[in-house]
Amino acid sequence: MSDQDFDRQQNAAIEKLGDARRKIVDQLGQVIVGQDQVIEELLISLFSRGHCLLEGVPGLAKTLMISTLSRALNLSFSRIQFTPDLMPADITGTEVIEENRSTGTRDFRFLEGPLFSNVILADEINRTPPKTQAALLEAMQERQVTVGRVRHALSDPFFVLATQNPIEQEGTYPLPEAQVDRFMLKIKITYPQPDEERKVLDMALDGTSRPIKPVLSADDVAAMQEVVRLVYIDDQVKSYILDVVRATREPDAFGMKELDALIEYGASPRASIYLGLGARAIAFLGGRGYVTPQDVKDIAYDVLRHRIILTYEAEAEQRTTEDVIETILAAVPVP
């Protein structure tokens, strides 16, 4: 493909997404009030082929938002309620013995589990034991499940959104840091503003059904995921990404010696990869074919907040990962 043909393909995809993005927001606005930033972050992760961990107290419409988004994108949707007795086969699927009535022979047949959908809502993922958590995270990484000796490819696109409650710890199995690291973004969902909550109340009391019209297809989403990976990133921006991640590990090298006592472990190499992919998706959603340092800054909090492990001293001083990220972004030189 020539450069001109690629530019035309990229421009056409950007134009189509710009129109689709407006329609998606309009469709979601019929059901979801506010949360515009969260919706934007979900689209960034989706078009980057990543997965999201959503954290928020109950009742903030996390499930409704995700199911509505899947309908607007015309993607198949599965909701898995994670419980302490859930087993890996309950989500991946299992083999059953089926008798062929014409021949009398018995053969194994694979019954697909709820993971075989485009959009997976892993509700309260920290309520299930590590064995089942690992089965889900393996599917996220490999985009396939293995039952017996047979590998089964998952749907494409494949998008996992896991939720967890930050205020309730009884009967939970916290995700290990190595598994949390596999999520591209950690999104914090907060309470709505007073005017937004009034609108939520009015819509609930009204009780009118609001149908959601599909805006894109699964093929459209897959095609846009490919275009996002071709958005241009200059070498200086790549160096800036590496400096930001390195500053989480060696803050003293960037003149932030005070952070040495606050950071136990810095971000992993996945942070560099996801900062680049997320910045590309932001540029794509913004109608640009190139990445700027501001795109990296815009996605930095969601990429880094679950990858920086703070010390007890930081907790004692009531310092958060957001405080650390803010300090790093202010100190690392911008190209």
Side-chain angles (χ1 to χ4, degrees), residues 21-22 24-46 50-73 77 79-82 119-127 159-175 180 183-210 212 278 282 285 297-308 310 314-315 317-327 329:
R21 181 187 179 189
R22 289 187 293 272
I24 290 171
V25 173
D26 290 342
Q27 292 296 313
L28 293 177
Q30 298 183 53
V31 180
I32 304 297
V33 178
Q35 307 292 5
D36 294 340
Q37 182 61 33
V38 176
I39 293 171
E40 185 86 0
E41 290 159 344
L42 292 178
L43 292 175
I44 289 169
S45 182
L46 173 63
H51 308 285
C52 287
L53 181 62
L54 290 86
E55 186 173 277
V57 298
L60 296 181
K62 297 185 290 293
T63 301
L64 180 62
M65 185 189 312
I66 295 166
S67 63
T68 304
L69 178 63
S70 67
R71 282 185 285 163
L73 297 175
F77 171 73
R79 177 181 181 272
I80 307 172
Q81 181 63 54
F82 281 79
V119 179
I120 309 296
L121 171 58
D123 212 359
E124 295 187 294
I125 188 175
N126 56 337
R127 285 200 172 278
F159 186 34
V160 175
L161 300 108
T163 69
Q164 61 181 15
N165 184 341
I167 63 174
E168 193 173 26
Q169 300 302 324
E170 293 184 5
T172 62
Y173 303 83
L175 287 172
V180 173
F183 288 94
M184 177 181 178
L185 305 179
K186 182 178 180 180
I187 302 173
K188 287 194 172 182
I189 303 180
T190 58
Y191 289 112
Q193 297 299 316
D195 57 331
E196 295 173 344
E197 191 163 1
R198 174 57 185 268
K199 190 174 180 180
V200 170
L201 177 61
D202 290 339
M203 291 172 62
L205 295 179
D206 179 29
T208 304
S209 176
R210 296 171 175 84
I212 302 300
I282 288 177
L285 288 167
K297 286 188 172 185
D298 289 342
I299 199 63
Y301 286 90
D302 292 328
V303 171
L304 296 176
R305 68 162 49 98
H306 55 303
R307 293 186 163 88
I308 298 176
L310 301 183
E315 295 180 9
E317 296 180 8
Q318 296 185 338
R319 301 288 296 273
T320 65
T321 53
E322 281 80 4
D323 297 332
V324 172
I325 296 168
E326 182 180 5
T327 303
L329 293 179

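What's counted below: heavy atoms across the whole structure, side chains too, no hydrogens, waters or symmetry copies.
The nearest pair of heavy atoms linking Y301 to E322 is CE2-O, 3.7 Å. Scanning both residues, Q164 and E55, for their nearest heavy atoms gives NE2-OE1, 3.2 Å. Heavy-atom minimum distance, F183 versus L175: CE1-CD1, 4.2 Å. The two residues F159 and L42 come nearest to each other via the heavy atoms CZ-O, 3.6 Å. Taking every heavy atom of both residues into account, R305 and I187 meet most closely at NH1-CA, 4.2 Å. Residues T163 and N126 approach most closely at O-OD1, 4.5 Å, considering heavy atoms.
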Evaluate the side-chain contact (heavy atoms from CB on, under 4.5 Å) criterion for residues L53 and L185: first the C-alpha distance (whole Å), next the side-chain angles of each, then the deciding distance (0.1 Å), finally the verdict.
CA-CA 6 Å; L53 181 62; L185 305 179; over 6 Å; no
Checking V38 against M65 for the side-chain contact (heavy atoms from CB on, under 4.5 Å) test, could you report, in this order, the C-alpha distance in whole Å, the side-chain angles of both residues, the deciding distance, and whether it holds?
CA-CA 9 Å; V38 176; M65 185 189 312; 3.6 Å; yes
Hey, mind stepping through L73 and V119 against side-chain contact (heavy atoms from CB on, under 4.5 Å) and telling me if it holds?
CA-CA 10 Å; L73 297 175; V119 179; over 6 Å; no
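When the side chain to side chain donor-acceptor pair (under 3.5 Å) test is applied to R319, no partner is found at least two apart in sequence or on another chain. In terms of the side chain to side chain donor-acceptor pair (under 3.5 Å) criterion, S45 has no residue partners (sequence neighbours excluded). Partners of K199 under the salt bridge (Lys or Arg N to Asp or Glu O under 4.0 Å) rule, at least two apart in sequence or in another chain, do not exist in this structure.
No side-chain donor-acceptor contact under 3.5 Å links D302 to the backbone of I299.
Residue I282 holds its CD1 atom at 8.5 Å from CD of E41, rounded to the nearest 0.5 Å. From H306, atom NE2 reaches atom CE of M184 across 9.5 Å, with rounding to the nearest 0.5 Å. For the atom pair CG of L121 and CD of Q81, the computed distance is 8.5 Å after rounding to the nearest 0.5 Å. To the nearest 0.5 Å, atoms CG (L46) and NE2 (H51) are separated by 10.5 Å. Between atom CD of residue E124 and atom CZ of residue F82 there is a gap of 11.0 Å, rounded to the nearest 0.5 Å. The line from CD1 of I308 to OG1 of T321 is 6.5 Å long, rounded to the nearest 0.5 Å.
Counting heavy atoms from C-beta outward, L201 and E197 have side chains that stay 4.5 Å or more apart.
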